[in-house]
Amino acid sequence: MTTDMINGAIGADPLAGKSLRHFFERDAIEVARDLLGCHLMVNGAGGRISETEAYYPDDEASHSFRGPTKRNGAMYGRPGNVYIYRIYGMYWCLNFVCTPGSAVLIRALEPETGLPVMMERRGTDVLTQLCSGPGKLCQALGIDIAINDRTLDQPPYAISPSAPVPVVSGKRIGITKNAEAPWRFGIQGSRYVSKPFR
DNA sequence: CTGCAGATAGTCT
DNA sequence: GACTATCTGCAGG
């Protein structure tokens, strides 16, 4: 929706447990912005994160709004934990935990590594359609509930830093409660997003 | 580009 | 029993 500034870097050694925690134990909006440009790998496939959304415990759109349940347990794990859930009966969504009950939904990335396997899983060779949405991204990376509630600095996951990128923001997608909050973030000008920012 | 219908099943009320 | 942090295919501009 708006202009915005430049995000920060993840740090020199994001894979060390201490700095991973440092990076994620912050406000979900800050983390959502700073994740843009970072490289995510899952079992040898991945790329550059291009779109994220922030969710909070007191946010009606968040799975944590009514407190811990069987499904959302991973949202209360350590900062840097992974929370995966099924949506609409057929897709998976990937989140990174920040402070307890708050998380960042990983909505899109620019494919870089493991293109053949991602194309195979997605049934297309169009790069901009491989990971341009939370469900597509999980399908391309082979993500399902079997790798829920894990830390990002251990296999099958790996995350690495980026140089700062220009950030745009807008309203979150697909929600009805608290829908006006501008907590969706993307790399300005990226073609690898689920919907244009405007 | 935008909008809509339908698929599909786990979670929560 | 209702709802859902989605995707695809198709219609129309």
Side-chain angles (χ1 to χ4, degrees), chain A residues 1 24 27-33 35-36 40 42 45 47 49-77 81-111 118-149 152 167-198:
Chain A
M1 212 96 189
F24 283 100
D27 186 280
I29 284 179
E30 306 277 317
V31 176
R33 301 177 65 98
L35 279 171
L36 295 173
L40 171 68
V42 181
I49 296 172
S50 53
E51 182 182 341
T52 58
E53 283 179 359
Y55 289 86
Y56 291 92
D58 61 350
D59 167 13
E60 280 190 281
S62 174
H63 289 176
S64 58
F65 183 64
R66 289 177 174 79
T69 66
K70 183 171 185 182
R71 173 174 64 161
N72 69 15
M75 278 186 94
Y76 297 88
N81 203 37
V82 167
Y83 167 47
I84 293 166
Y85 66 89
R86 211 194 233 308
I87 186 69
Y88 298 117
M90 42 181 123
Y91 301 106
W92 300 101
C93 287
L94 172 68
N95 299 258
F96 298 160
V97 176
C98 302
T99 54
S102 69
V104 174
L105 171 66
I106 308 304
R107 289 192 56 90
L109 62 77
E110 177 179 341
M118 288 196 277
M119 291 173 178
E120 168 73 29
R121 288 166 175 155
R122 288 280 300 126
T124 177
D125 59 1
V126 181
L127 285 183
T128 54
Q129 295 177 11
L130 287 183
C131 302
S132 54
K136 297 177 188 176
L137 184 152
C138 285
Q139 186 179 22
L141 299 189
I143 290 169
D144 65 25
I145 198 66
I147 50 173
N148 181 40
D149 206 8
L152 261 180
V167 176
V168 289
S169 60
K171 297 175 184 175
R172 294 178 295 181
I173 292 179
I175 58 174
T176 55
K177 302 161 198 153
N178 203 6
E180 295 303 305
W183 296 341
R184 173 184 177 230
F185 303 94
I187 296 179
Q188 185 174 58
S190 175
R191 308 193 315 289
Y192 301 92
V193 295
S194 62
K195 282 184 185 174
F197 287 78
R198 61 174 65 192

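A note on names: the letters A, B, ... follow the listed sequences, proteins ahead of strands, and every chain is numbered from 1. Source: prediction; values computed, not measured.
Distance, A:Lys195 NZ to B:dC4 P: 11 Å, rounded to whole Å. Counting to the nearest Å, the P atom of B:dT11 and the CD1 atom of A:Ile145 are 8 Å from each other. Separating the CD1 atom of A:Ile175 from the C1' atom of C:dT4 is a distance of 12 Å, rounded to the nearest angstrom. Rounded to whole Å, atom P of C:dT4 lies 11 Å from atom CD of A:Glu60. The distance from atom CE of A:Met90 to atom P of B:dG6 is 13 Å, rounded to the nearest whole Å. Rounded to whole Å, the distance from OH on A:Tyr91 to C1' on C:dT8 is 6 Å. Straight-line distance from the CZ atom of A:Arg71 to the P atom of B:dT13: 10 Å, rounded to whole Å. A:Arg184 has its CZ atom 14 Å from the C1' atom of C:dT6, to the nearest Å.
Relative to the side chain of A:Arg198, the nucleotides B:dC1, B:dT11, C:dA5 differ in distance, and B:dC1 lies closest. When distances run from any side-chain atom of A:Lys177 to the nucleotides B:dT11, C:dT4, C:dT6, the shortest one goes to C:dT4.
One N or O donor and one acceptor, one from the side chain of A:Tyr85 and one from the base of C:dA5, sit under 3.5 Å apart.
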- Task: Test side chain to side chain contact (heavy atoms under 4.5 Å, CB included) on A:Phe65 and A:Lys177 and set out the steps.
- Result: CA-CA 11 Å; A:Phe65 183 64; A:Lys177 302 161 198 153; over 6 Å; no
- Message: Run A:Gln139 and A:Arg122 through side-chain hydrogen bond (donor to acceptor under 3.5 Å, both in side chains) and show every step you take.
- Response: CA-CA 6 Å; A:Gln139 186 179 22; A:Arg122 288 280 300 126; 2.8 Å; yes
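Screening A:Leu152, A:Asp149, A:Asn81 for a side-chain contact (heavy atoms from CB on, under 4.5 Å) involving A:Val97 leaves a single residue, A:Asn81. Checked options A:Arg191, A:Met119, A:Glu110; the residue passing with A:Leu127 is A:Met119 (criterion: side-chain contact (heavy atoms from CB on, under 4.5 Å)).
Within the structure, a side-chain polar atom (N or O) of A:Arg107 is placed less than 4.0 Å from OP1 or OP2 of C:dT6. At least one side-chain nitrogen or oxygen of A:Thr69 sits closer than 4.0 Å to the OP1 or OP2 atom of B:dC12. When the side-chain nitrogen and oxygen atoms of A:Lys136 are compared with OP1 and OP2 of C:dT8, one or more of them lie within a distance under 4.0 Å. In this structure, A:Arg122 reaches the C:dT8 phosphate: one of its side-chain N or O atoms is under 4.0 Å from OP1 or OP2. Close to C:dT4, at under 4.0 Å from its OP1 or OP2, lies a side-chain N or O of A:Thr176. Taking 4.0 angstrom as the limit, A:Arg66 places a side-chain polar atom (N or O) nearer than this to OP1 or OP2 of B:dT13.
By the 5.5 Å and 30° criteria, A:Tyr88 is not stacked with the base of B:dA7.
Shown here, C:dA5 forms no base pair; nothing in the strands shown gives a Watson-Crick or G-U wobble contact with both key distances under 3.5 Å.
From A:Ile49, atom CD1 reaches atom CD1 of A:Ile187 across 9.0 Å, with rounding to the nearest 0.5 Å.
Residue contacts for A:Gly89: at a heavy-atom cut-off of 4.0 Å it reaches a base atom on one of the strands shown.
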